[in-house]
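Down below is the structure, laid out as structure tokens.
Every number for a ligand or one of its atoms is a count from 1 in the order of the listing. Counting begins at 1 with the first residue of the sequence.
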Amino acid sequence: MAIPGSASAAGPDTASPWWLDGVVYQVYPRSFADSNGDGVGDLQGLIDHLDYLAGGPDSLGVDAIWISPIYASPMLDGGYDIMDHTTVDPVFGTLADLDRLIEECHRRDIRVILDLVMNHTSDLHPWFVQSRQSRTGPFADFFLWRDPSGWDRDGRPEPPNNWLSWFGGSAWEWEPRRQQFYLHTFLPEQPDVNWRCAALRAEMWSMVSGWLDRGVDGFRLDVFNAFLKTAEMPSNPEISADASTAWDSQEHRHDKDHPELHDLLAEFRGIVDARPGTATVGELFTSDVEAAAGYWAPRHLVFDWVLLETAWTAASFRAAIAAREAAWSGRWPTIVLSNHDRSRHVSRYLHTLGRRDRATADAVAKAAATIELTLRGTPFLYYGEEIGAKDIVVARSRARDRAAVAMAGWWNRDGSRAPMAWSGGGNAGFTSGTPWLPIPRDATSRNVDRQRASERSVLAHYRRLLALRRGSVALRTGELALVDVGDPDVLAYLRRAGDEATLVVVRFGLRGGEIELPPAPGPWRVVLSSHDLATPTVGSRIAVRPLEAIVLECVVDAIRG
Ligand code: GLC
């Protein structure tokens with residue numbers, strides 16, 4: 001399929017753009033590897049483990065890392081509350097460490113994607129510290145200040161409109177010094193910036209250029225579709241009093257997805273596009289797959305949440321893939337099963353299956369990985385999923401995720417942010433100190449060292465899948481078509497490019513059975529099974545065991561020869 005602006009359209013110097021056929025690995029830096037014993041992961045810890053990711057014979061084989069924020073932050077929202085976008089928080093290291101990380105990544109052909117939070121800052125950011133002082137001064141207009149809509153009977157100011165914070169309550173906070181409210185789509189300590197202020201815009205663009213000058217290869221844009229709001233800030237329509245969250249009780253007509261956002265993104269993309277080899281991925285904030293696809297541009301991916309929100313049944317995945325293919329036709333989607341904001345997919349799928357045992361966890365992790373690494377799009381792996389990591393349980397009273405705690409009734413995101421299990425030793429080889437979150441309880445048996453030593457591990461399956469994908473044009477860039485193999489419990493799809501045809505079949509349930517393979521110009525050959533290391537040639541039917549994922553190739557050459 002020809003992606004507008006991709007390899008063929010963009011010219012020979014971008015013959016195989018990494019954003020199109022590479023695999024990205026998300027690192028949550030607090031939890032990846034701690035080098036200095038303070039219990040929190042850091043940049044040196046990440047540098048120490050780069051060979052694990054790429055560049056060596058035993059490496060996983062990813063093409064890029066996206067690092068969740070490493071900037072100076074009071075960490076009320078895990079670093080997504082930034083007080084200086086141009087420095088590294090001391091808990092992670094120094095700018096010199098970041099320079100070394102970029103250099104070490106590039107030596108291994110790993111691209112570095114930084115997380116850019118440009119919808120809001122921390123309230124400790126010097127811009128906001130000054131902005132809240134008075135209505136005049138160089139930073140007065142950097143944030144979204146509004147007068148009260150009125151005063152209640154007790155003389156208290158009333159918010160300018162009905163907008164809500166995603167984390168709960170009104171999106172407006174009163175500042176007595178200015179006698180005005182400021183807007184915060186997230187925590188009150190995360191004021192939204194004013195993108196209509198030319199000076200703010202100039203500061204942001206200069207910061208973006210600064211990171212590009214330092215050698216980063218791209219950015220993940222946090223909640224980018226909330227950057228611009230309707231200038232007059234009218235109230236949002238109330239749509240449902242019994243929605244599952246307060247946020248969903250409103251139609252967010254005025255606080256995100258503003259039509260002028262496309263112009264703002266074009267300015268940003270202009271800066272990035274001036275640097276060859278760079279790319280970005282935008283995090284869509286509470287909108288649907290059509291909206292995600294509508295923001296896409298060559299070199300600029302956009303996350304949608306369809307797969308991440310799909311339950312572990314063949315029917316749900318079939319519907320999700322059909323919806324994605326329809327929305328992303330002629331464009332290039334991302335593939336995401338887990339991230340730092342949601343429960344890990346192995347935990348979710350085990351819950352659906354009503355199982356907790358280790359063998360089922362491994363089987364479902366391998367089956368899910370097979371889908372993730374063979375669908376059409378750019379896969380984003382979340383650290384630890386390659387060893388089948390599950391959520392940890394952190395009591396609300398001990399939660400480190402202050403933002404989630406603020407959001408009454410919401411899941412505590414600490415669950416999916418556990419320290420990486422490197423070994424079966426003390427603190428799973430993550431830290432020599434006291435880890436900032438509990439080590440996963442199964443870390444003595446589920447860890448990188450143990451899985452490296454076994455060809456049958458989840459990690460070995462990920463490595464095989466990544467190698468298979470790398471060597472297959474059909475899997476990297478081919479078209480996708482769903483196939484009906486006559487068994488409602490089996491998902492099947494074809495990937496095709498030129499003479500190459502690859503068939504993926506996955507059984508979601510716990511009862512096995514045979515399926516009919518679709519007709520092909522040559523015999524089907526198994527190139528990978530999540531249950532077996534052997535890869536036999538098969539006839540027109542194949543047995544698919546419980547939770548088994550099989551990748552087959554059509555051997556067209558065998559006929560020709
Ligand atoms: C994004 C981040 C999330 C954060 C939110 C507000 O959704 O992924 O972790 O809480 O933005 O900054």
If the cut-off is 4.0 Å to any non-hydrogen atom of [X], which atoms of ligand 1 fall inside it?
X	answer
Phe167	10 (O)
Asp341	2 (C), 3 (C), 7 (O), 8 (O), 9 (O)
Val223	1 (C), 7 (O), 11 (O)
Arg413	3 (C), 4 (C), 9 (O), 10 (O)
His120	6 (C), 12 (O)
Gln190	12 (O)

- Item | Nearest option to atom 2 (C) of ligand 1, as decided by whichever heavy atom of Asp401, Asp222, Leu221 sits closest | Asp222
- Item | Partners meeting side chain to side chain donor-acceptor pair (under 3.5 Å) with Asp141 (sequence neighbours left out) | Asn194
- Query: Is any NZ, NE, NH1 or NH2 atom of the basic residue among Arg413 and Asp77 found under 4.0 Å from an Asp or Glu carboxylate oxygen of the other?
  - Reply: yes
- Message: Please classify the Phe224 to ligand 1 contact at 4.0 Å (heavy-atom distances, strictly less than): side chain, backbone, both or neither.
- Response: neither
- In this structure, atom 6 (C) of ligand 1 is nearest to the protein heavy atom Asp77 OD2, 3.2 Å
- Tell me, which protein residue and heavy-atom name are nearest atom 7 (O) of ligand 1, and how many Å apart are they? Glu283 OE2, 2.8 Å
- Donor + acceptor pair across side chains of Ser316, Thr313 (<3.5 Å): yes
- Without hydrogens or angle criteria, can the side chains of Glu385 and Tyr25 be said to hold a donor-acceptor pair below 3.5 Å? no
- salt bridge (Lys or Arg N to Asp or Glu O under 4.0 Å) filter on Glu251, not counting sequence neighbours, yields Arg253
- Query: Using 30° and 60° as the class limits, which term best fits the ring planes of Trp247 and Phe285: parallel, tilted or perpendicular?
  - Reply: tilted
- Message: Is the distance from the ring center of His340 to that of Tyr80 below 6.0 Å?
- Response: yes
- Task: Determine whether Arg299 and Thr278 make a side-chain contact, defined as any pair of heavy atoms from C-beta on separated by less than 4.5 Å.
- Result: yes
- Task: Using non-hydrogen atoms of the residue, decide whether Arg220 is closer than 4.0 angstrom to ligand 1.
- Result: yes
